[in-house]
Protein chains: 2
Amino acid sequence: MVQEQKTLLAAADKLKEYKIKNTPQRQVILSYLMTSHDHPSIEMIFNYVRGNGFSVSLATVYNTLQLLIDNNLIIEIAADSGGHMRYDYFEIPHYHVICVNCNKIVDVFDDKYKKNEENAQLETGFQVFNSQYEVYGVCPECQKKLAQEA
Amino acid sequence: MVQEQKTLLAAADKLKEYKIKNTPQRQVILSYLMTSHDHPSIEMIFNYVRGNGFSVSLATVYNTLQLLIDNNLIIEIAADSGGHMRYDYFEIPHYHVICVNCNKIVDVFDDKYKKNEENAQLETGFQVFNSQYEVYGVCPECQKKLAQEA
DNA sequence: ACCGCAATTGATAATCATTCTCGAATAGTA
DNA sequence: TACTATTCGAGAATGATTATCAATTGCGGT
Ligand SMILES: [Mn+2]
Ligand SMILES: [Mn+2]
Ligand SMILES: [Zn+2]
Ligand SMILES: [Zn+2]
């Protein structure tokens, strides 16, 4: 069995686990998010699905992403510099370090970061569900590039 | 001197400090963000400026906010449930706890949170400028409200 | 205090991301 | 296989944001 089929099955299983009705469009979209490290935009997702031989409309991409967000399977990451939302599979909590120069998004998996949720709960009395942390800076590659130009 | 004039002067000083050309519109917008705890939307800012007897257009509100963001004086907080961006004066770093039920935004000033930036820098080699943390949950008031309904 | 000019404002139009509509297609169930 | 609620999708509608550009204004230099 080829890799592509495996990830589709993994996505189908995840949909079943969350009692979300299984459709080809949802399988492809979810499998893309589960396996890529792209943090893709709507447009990238749309092109990916069609590029893999599945029919899909933009409306369906939007609907599917909202559904996955509501089920806490994915998150929306605030706008890249072009003003587009990015999407990310988020079953394993992590945070994002974003290069303001080249828009690269780096994952950081770090347990310490989850402690912040407990603090927030203690400070405010909120019942906390989840949280999102984004760090802005310049990536090592862009640091070199910018240093040379100067 | 009345309070309103004081905050306008404070805003004017801040603009000068950041070498941003001083205009009435910018003074009012910045003073609103500096003094309110509203985390207002574009529309709220627009109405505030006109409500205080100043002329302003939506384009100017957008332009001014982008300018203040570029100068790291304010931040944009990801969409409330109505899909509107919120804006916040951000000279003193803090993070936000957001009620998913009533959209209330609570500030938390906590030094420990800034430590996350150092960690991110160590983990990734990025040169970090700033960061934003948002926690989602249900506020104490909505917890009561929801418990009664059930 | 006045000039000169680059920067800003603002009414409006244009753009573009997102949501809505509703008939057709489909998944899940028995 | 047949039934039915759900989902899909093409295109229209919406609505937030951005672009335009002529008129106005802030401000450094004189
Ligand atoms: Mn990620
Ligand atoms: Mn705040
Ligand atoms: Zn970079
Ligand atoms: Zn609440």
Side-chain angles (χ1 to χ4, degrees), chain A residues 8-9 11-30 39-71 73-87 103, chain B residues 8-9 11-30 40-71 73-74 76-87 103:
Chain A
L8 285 180
L9 285 180
D13 286 348
K14 192 58 70 180
L15 291 173
K16 188 172 288 180
E17 182 186 335
Y18 279 75
K19 304 194 200 313
I20 300 170
K21 191 188 263 190
N22 186 21
T23 72
Q25 289 77 11
R26 288 171 178 181
Q27 269 183 41
V28 182
I29 290 171
L30 182 54
H39 304 89
S41 65
I42 292 272
E43 194 187 5
M44 290 162 72
I45 295 168
F46 179 75
N47 291 332
Y48 177 89
V49 177
R50 290 211 165 168
N52 282 63
F54 293 84
S55 83
V56 79
S57 73
L58 263 182
T60 295
V61 177
Y62 278 102
N63 288 337
T64 301
L65 291 173
Q66 190 55 56
L67 184 71
L68 297 175
I69 289 170
D70 292 344
N71 281 276
L73 270 168
I74 68 172
I75 58 169
E76 200 171 46
I77 303 173
D80 62 26
S81 62
H84 300 105
M85 291 292 165
R86 306 289 214 89
Y87 298 86
N103 277 322
Chain B
L8 285 180
L9 284 181
D13 285 347
K14 192 59 72 180
L15 291 173
K16 187 172 289 181
E17 182 185 335
Y18 280 73
K19 303 194 202 312
I20 300 168
K21 192 189 264 192
N22 185 25
T23 73
Q25 289 77 13
R26 288 172 178 179
Q27 270 182 42
V28 182
I29 291 171
L30 182 55
S41 65
I42 291 272
E43 194 187 5
M44 291 163 73
I45 295 167
F46 179 75
N47 290 333
Y48 177 90
V49 177
R50 289 211 165 167
N52 282 64
F54 292 84
S55 84
V56 80
S57 73
L58 262 182
T60 295
V61 177
Y62 278 102
N63 288 337
T64 300
L65 291 172
Q66 190 54 57
L67 183 70
L68 297 175
I69 289 171
D70 292 343
N71 281 276
L73 270 168
I74 68 172
E76 200 170 45
I77 303 173
D80 60 30
S81 62
H84 300 106
M85 291 291 167
R86 305 290 213 89
Y87 298 86
N103 277 322

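Keep in mind that the numbers below use all heavy atoms, side chains included, and drop hydrogens, waters and symmetry copies. What you are looking at is a predicted structure, and each value in this text was computed from that prediction instead of being measured. Per chain, numbering begins at 1; letters A, B, ... match sequence-line order.
Place R50(A) and L67(A) on DNA chain D by their nearest nucleotides, and L67(A) ends up nearer the 5' end. Positionally, the nearest nucleotide of DNA chain D for A59(B) lies more toward the 5' end than for the other of A59(B) and I20(B).
Taking atom CD of residue Q66(B) and atom C1' of nucleotide dA19(D), one finds them 14 Å apart after rounding to whole Å. Here the P atom of nucleotide dA16(D) and the CD1 atom of I45(B) are 14 Å apart, to the nearest Å. Separating the OH atom of Y87(A) from the P atom of dA17(C) is a distance of 12 Å, rounded to the nearest angstrom. For K19(B) and dA7(C), the NZ to C1' distance is 17 Å, given to the nearest whole Å. Following rounding to the nearest Å, L58(A) (CG) and dG9(D) (C1') show an atom-to-atom distance of 10 Å. Rounded to whole Å, the distance from CD on E43(A) to C1' on dA17(C) is 11 Å. Between F54(B) atom CZ and dG10(C) atom C1' the separation is 16 Å, expressed in whole Å. For the pair M85(A) CE and dT19(C) P, the interatomic distance rounds to 10 Å; values are reported in whole Å.
For R86(B) (side chain) and A78(B) (main-chain N/O), no donor-acceptor pair under 3.5 Å exists by modelled atom type. One N or O on the side chain of Q25(A) and one on the backbone of S55(A) form a donor-acceptor pair closer than 3.5 Å. Remark: side-chain polar atoms of T64(B) are paired, donor with acceptor, to backbone N or O of T60(B) under 3.5 angstrom. At distances below 3.5 Å, at least one donor-acceptor pair connects side-chain atoms of R26(A) with backbone N or O atoms of K21(A).
At the phosphate of dG10(C), OP1 or OP2 sits under 4.0 Å from a side-chain N or O atom of Q25(B). Not one side-chain nitrogen or oxygen of Y62(B) sits closer than 4.0 Å to the OP1 or OP2 atom of dT18(D). Contact annotation: R26(A) reaches the phosphate of dC8(D) (side-chain N/O to OP1 or OP2, under 4.0 Å).
For K21(B), the listed nucleotide lying nearest its side chain is dA7(C); candidates were dG9(D), dA7(C), dA17(C). The nucleotide whose nearest atom lies closest to any side-chain atom of I42(B) is, among dT18(C), dT17(D), dG10(C), dT17(D). With dG10(C), dG9(D), dT17(D) as the choices, the nucleotide that has an atom nearest any side-chain atom of S57(A) turns out to be dG9(D). Considering only the side chain of T60(A), dG9(D) comes nearest among dA10(D), dA5(D), dG9(D).
At a threshold of 4.0 angstrom between heavy atoms, the contacts of T23(A) are confined to the sugar-phosphate backbone, with no base atom among them.
F46(B) and S57(B) get closest at one heavy-atom pair: CE1-C, 3.8 Å.
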